[in-house]
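Here is how names work: the chains are called A, B, and so on, in the same order as the sequence lines, proteins then strands, and each is numbered from 1. It should be emphasised that the depicted structure is a prediction, and the values quoted were computed from it without experimental measurement.
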Number of protein chains: 2
Amino acid sequence: MPSSTVENYLKRIYLEQQAEPAGEIVSMKSLAGAMGVTPGTATSMARSLADSRLVAYEPYGGVKLTARGRTLALRVLRRHRLIESFLVDALGLDWSEVHDEAESLEHAISDKLLDRIDEFLGFPSVDPHGDPIPTAAGEVRQAALTALTEVEEGAEVRIARVLDQDEKFLRFVDRHMLRPGTRARVLAHDHAAEAVTLQSGKLPAVTMGRTAAAKIMVELIRG
Amino acid sequence: MPSSTVENYLKRIYLEQQAEPAGEIVSMKSLAGAMGVTPGTATSMARSLADSRLVAYEPYGGVKLTARGRTLALRVLRRHRLIESFLVDALGLDWSEVHDEAESLEHAISDKLLDRIDEFLGFPSVDPHGDPIPTAAGEVRQAALTALTEVEEGAEVRIARVLDQDEKFLRFVDRHMLRPGTRARVLAHDHAAEAVTLQSGKLPAVTMGRTAAAKIMVELIRG
DNA sequence: TAATATATTTTGATTAGTCAAAAATCCCTG
DNA sequence: CAGGGATTTTTGACTAATCAAAATATATTA
């Protein structure tokens, strides 16, 4: 069975592949950066993952998950997201604080317990951040979502997913009632200022920068 | 912070010290046996634990926890036992199957989550096996209990603790309704056969050997 | 108490994961 | 298309945890 280090590399590679779909190839630089290791370490891990047929790797050519690697990565992600959901729903932890906990529990939990949790939660399809929970079979059912930056002025949206696990960002999202599930209206795009203004519930409108807005994915209610 | 390997050694040493109170010193042989490693490994780990002031160790003199080592061991045990309780009470897992799960989760859970679980459970003092849950401060409040082998014939008892985590033994205990909390009557001691006969609820009486009976700790109701 | 059995320690080796820094390669820009 | 900067790989080293097997110490018993 893969060590938790290997599990972490695979998960990271998967997420990086999603993030930069430039041929879906992950460079040693970004892998090393994402894992917080030196580039040399990333290289040697890439070779070792390739030896285990979990990634495709050519020297100087970056790394890409094989089918097996992807399955394993999704299994880790499934654990991570079910654990996050469980901590929020069953134990009342705040969604802004469950990420790190899940990061370590995901390597320690058994399949049996995970299934029990899945059942307990009613087989959810997304976690508290709106991230899709892969199935046990290794599939991801992802609804088509729109980034807040792409939504037209005046549109009514439902927040669906927040693409950043950083505690501070999540608390910002919280403060302005922009959790997944809530409705909001896009009041304005200020292209010069690279800002988006939106409004949720009875709260005063909030203006955020492009990069922040790009991390909030929504469904259109009326566009 | 100690690695999970170190945590496991400390926990084992603590449990071995409890088990064989022959000066409370644990030999390399029993440590190696309990950890499932070779004696040489136990020796080198003993030296390294001693370097970290977690155990007292003299060559050929066995190992014994220092105050710090004991505190750490109890912290691990607290985690283990709270996790077991949680899995049984909150998720409905069977007490016979939670040990291994707790064995790995105990190294991954944060103090914050552990406190939440403790609160959720109502600050229990024993786990589903009747094992005492050390306090966060590192104390063990252990009620005085009697082994089933020491109880007089005819006595009415309440099962309080089962000193064996083995799944098969626990299922045996289950089958005869001898879980912690249940009442039973000691019908007979057969010294020649080294057997104890007891009876719980409306079930037929059960006879078990001395070693099995010694693993069942009880409180006397009427003696 | 000497011989023998048992327990412990030592030695040398291995694996996983890591770093620092040198060397090699790539690729973009002029 | 030739440098030069960026990226990647290599090299050598280190730590934690382990094993096998040889060497040593302790304990038992005859």
Touch class at under 4.0 angstrom, heavy-atom based, for A/Pro39 against every strand present: base

Nucleotide of C/dA20, D/dA17, C/dC26 approaching B/Val6 most closely (side-chain heavy atoms): D/dA17

Distance in angstrom units between B/Met35 CE and D/dA17 P, rounded: 10 Å

Rounded interatomic separation in angstrom, taking OH from B/Tyr57 and P from C/dT8: 9 Å

Pair B/His99 and B/His129, ring centroids less than 6.0 Å apart: no

Under 4.0 angstrom between A/Ser3 side-chain N/O and C/dG17 OP1 or OP2: yes

Any B/Tyr9 side-chain nitrogen or oxygen under 4.0 Å from OP1 or OP2 of D/dT18: yes

A/Lys29 NZ - D/dT7 C1' separation (whole Å): 8 Å

Salt-bridge criterion met for A/Arg78 and A/Asp118 (N-O under 4.0 Å): yes

5' priority, DNA chain C, between B/Pro59 and A/Pro59 [closest heavy atom]: B/Pro59

Salt bridge present between A/Glu106 and A/Arg75 (N-O < 4.0 angstrom): no

Nearest listed nucleotide, side chain of B/Met45, among D/dA17, D/dT8, C/dT8: D/dA17

Touch class at under 4.0 angstrom, heavy-atom based, for B/Ser48 against every strand present: nothing

A/Lys64 to A/Tyr57 six-membered ring, cation-pi geometry met (6.0 Å, 45°): no

Candidate nucleotides C/dT18, C/dT8, D/dT10, ranked by approach to the side chain of A/Ser44 - the nearest: C/dT18

Length of the CD-P vector between B/Glu7 and D/dA17, whole Å: 11 Å

N or O in side chain of A/Thr5 less than 4.0 angstrom from C/dA16 OP1/OP2: no

Side-chain N,O (A/Thr41) to OP1/OP2 (C/dC19) below 4.0 Å: yes

B/Gln17 and B/Arg70: CA distance, side-chain angles, deciding distance, side chain to side chain contact (heavy atoms under 4.5 Å, CB included) verdict: CA-CA 10 Å; B/Gln17 281 190 198; B/Arg70 192 183 127 92; over 6 Å; no

Proximity to the side chain of B/Thr38 - top-ranked nucleotide from D/dT8, D/dC19, C/dT10: D/dC19

B/Leu31 CG - C/dA7 P separation (whole Å): 14 Å

Per A/Val37 side chain, nearest of listed nucleotides C/dT9, C/dC19, D/dT18: C/dC19

Rounded distance in Å - CZ (A/Arg47) to P (D/dT8): 16 Å

